[in-house]
Amino acid sequence: MLAPFDPWAWALTVVMSMAGGIAILWIVGGYYHLRYYRLRRHDPAAWKCQPQRFLRPEQQRQAMRLSTMNLAIGGLLSGTLIDAIQRGLQTPIYFDVDERGWPYALASTALLLVLVDGLAYYSHRLLHHKALFRYIHRWHHRYVATTPFVVTAMHPVEFLVFQAATFLPLFVIPFHYASVIAVFVYILVFNIVDHSGVKLHSRLPWQGPSTFHDDHHVHFHCNFGQVLMLWDRLHGTLRRRNRRYGVDVFGGKGVPVGDGADEFVKY
Ligand SMILES: [Zn+2]
Ligand SMILES: [Zn+2]
């Protein structure tokens with residue numbers, strides 16, 4: 001049985017969850033926007049993944065609105081879940097590290113990242129099926145040259161799919177609450193940087209460079225992964241040289257062109 005619903009406590013938790021996600025978007029996104037799109041707009045060849053292409057001002061404003069709105073929806077859902085847990089909803093999430101020890105806490109944090117990343121790959125790949133792509137995922141692919149604010153600029157249904165994929169492991173495996181917060185914040189920050197449109201190499205060995213997801217926006221149906229490139233390697237959906245990709249080339253593997261070497265692009 002849950003403790004009685006307290007609308008004020010619920011509203012406070014929801015507002016804090018919304019504010020957390022939206023603040024991360026505007027602080028991290030604002031940093032890249034200012035540092036590159038404002039201060040270094042004159043020499044895009046030096047820093048931009050796609051130096052010839054910029055979003056139109058109205059597209060940028062649309063992306064800002066859509067990303068903020070989706071993060072507000074995300075805050076509503078995660079705030080409601082946190083409120084329910086505080087009122088006694090039973091989940092495997094635990095609060096005292098000593099309950100399972102540090103080795104478990106650290107290993108399960110890595111496991112959570114791998115699980116959420118895998119679920120993100122498969123749901124993203126599903127969204128690239130013709131009908132889902134046309135009616136839902138196309139919203140996110142309107143932005144060929146991405147900016148940090150494109151990160152959650154997507155159809156709300158798509159955002160809910162990713163949100164569900166992210167929450168799913170929490171109901172199955174015990175994770176320390178701090179691991180959950182750390183992994184979710186990391187994924188959001190990573191995705192903002194990944195959509196920055198700025199050529200960036202990763203300092204962390206398991207992450208790809210920003211050109212990996214940038215190529216997804218240029219070529220559409222390849223490079224479906226998020227943090228890890230493992231899933232694309234596993235399924236052969238990593239972009240290859242000498243293949244034609246495009247909005248109308250579905251399936252994730254492109255179309256062979258010419259008889260050159262059919263090798264995977266090295267990121
Ligand atoms: Zn996509
Ligand atoms: Zn994207």
Side-chain angles (χ1 to χ4, degrees), residues 21 24-25 28-29 32-33 37 48-50 53-55 59-60 62-71 74 116-166 186-200 202 207-233 235-240 243 245-254 265 267:
I24 291 172
L25 169 70
V28 179
Y32 284 96
H33 180 74
Y37 291 87
K48 206 169 182 308
C49 296
Q50 301 175 52
R53 216 182 241 145
F54 282 87
L55 290 187
Q59 276 185 305
Q60 172 77 325
Q62 179 195 54
M64 284 170 166
R65 274 197 306 272
L66 205 49
S67 273
T68 306
M69 183 196 80
N70 278 325
L71 286 173
V116 170
D117 201 62
L119 289 166
Y121 172 88
Y122 292 108
S123 17
H124 187 188
R125 219 177 144 181
L126 195 69
L127 286 160
H128 273 265
H129 271 272
K130 262 184 192 169
L132 290 174
F133 183 79
R134 182 182 298 166
Y135 295 109
I136 296 174
H137 193 44
R138 193 80 172 89
W139 277 39
H140 184 63
H141 278 275
R142 288 180 295 199
Y143 314 100
V144 175
T146 60
T147 74
F149 295 101
V150 168
V151 60
T152 47
M154 53 183 66
H155 196 295
V157 169
E158 172 176 347
F159 185 80
L160 291 176
V161 168
F162 283 123
Q163 188 91 352
T166 310
Y186 165 68
I187 287 177
L188 178 58
V189 171
F190 172 84
N191 274 314
I192 296 170
V193 177
D194 214 30
H195 281 91
S196 65
V198 179
K199 279 187 271 183
L200 294 166
S202 168
Q207 289 182 170
S210 58
T211 45
F212 173 71
H213 190 69
D214 200 82
D215 271 0
H216 177 69
H217 280 262
V218 174
H219 300 284
F220 294 87
H221 307 287
C222 60
N223 296 6
F224 302 112
Q226 190 175 243
V227 177
L228 309 170
M229 290 187 283
L230 165 81
W231 316 102
D232 283 289
R233 290 190 204 284
H235 294 290
T237 52
L238 199 69
R239 186 165 81 86
R240 288 179 236 209
R243 292 228 170 176
Y245 294 93
V247 67
D248 55 340
V249 185
F250 289 87
K253 296 183 181 170
V265 172
Y267 286 102

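In listed order, ligands and their atoms are each counted from 1. We number each residue from 1, following the sequence as shown.
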| query | So which protein N/O/S atoms does the Zn ion (ligand 2) have within less than 2.8 Å? | reply | His140 NE2, His195 NE2, His213 NE2, His217 NE2
| field | Qualifying residues under side chain to side chain contact (heavy atoms under 4.5 Å, CB included), relative to Asp214, sequence neighbours excluded | value | Cys49, Gln50, Thr146, Val218
| field | Of His141, Arg239, His221, the residue whose pairing with His216 passes side-chain hydrogen bond (donor to acceptor under 3.5 Å, both in side chains) | value | His141
| query | When you draw lines from the Zn ion (ligand 1) to NE2 of His124 and to NE2 of His128, what angle lies between them, to the nearest 10°? | reply | 90°
| task | Fit a plane to each ring of His137 and Phe133, take the angle between them on a 0 to 90° scale, and name the class: parallel (under 30°), tilted (30 to 60°) or perpendicular (over 60°). | result | perpendicular
| Residues in side chain to side chain contact (heavy atoms under 4.5 Å, CB included) with Leu228, at least two apart? | Val114, Asp117, Trp206, Leu230, Trp231
| field | All side chain to side chain contact (heavy atoms under 4.5 Å, CB included) counterparts of Arg233, not counting sequence neighbours | value | Met229, Leu238
| His140 vs His213 aromatic rings, parallel, tilted or perpendicular, using cut-offs 30° and 60°? | tilted
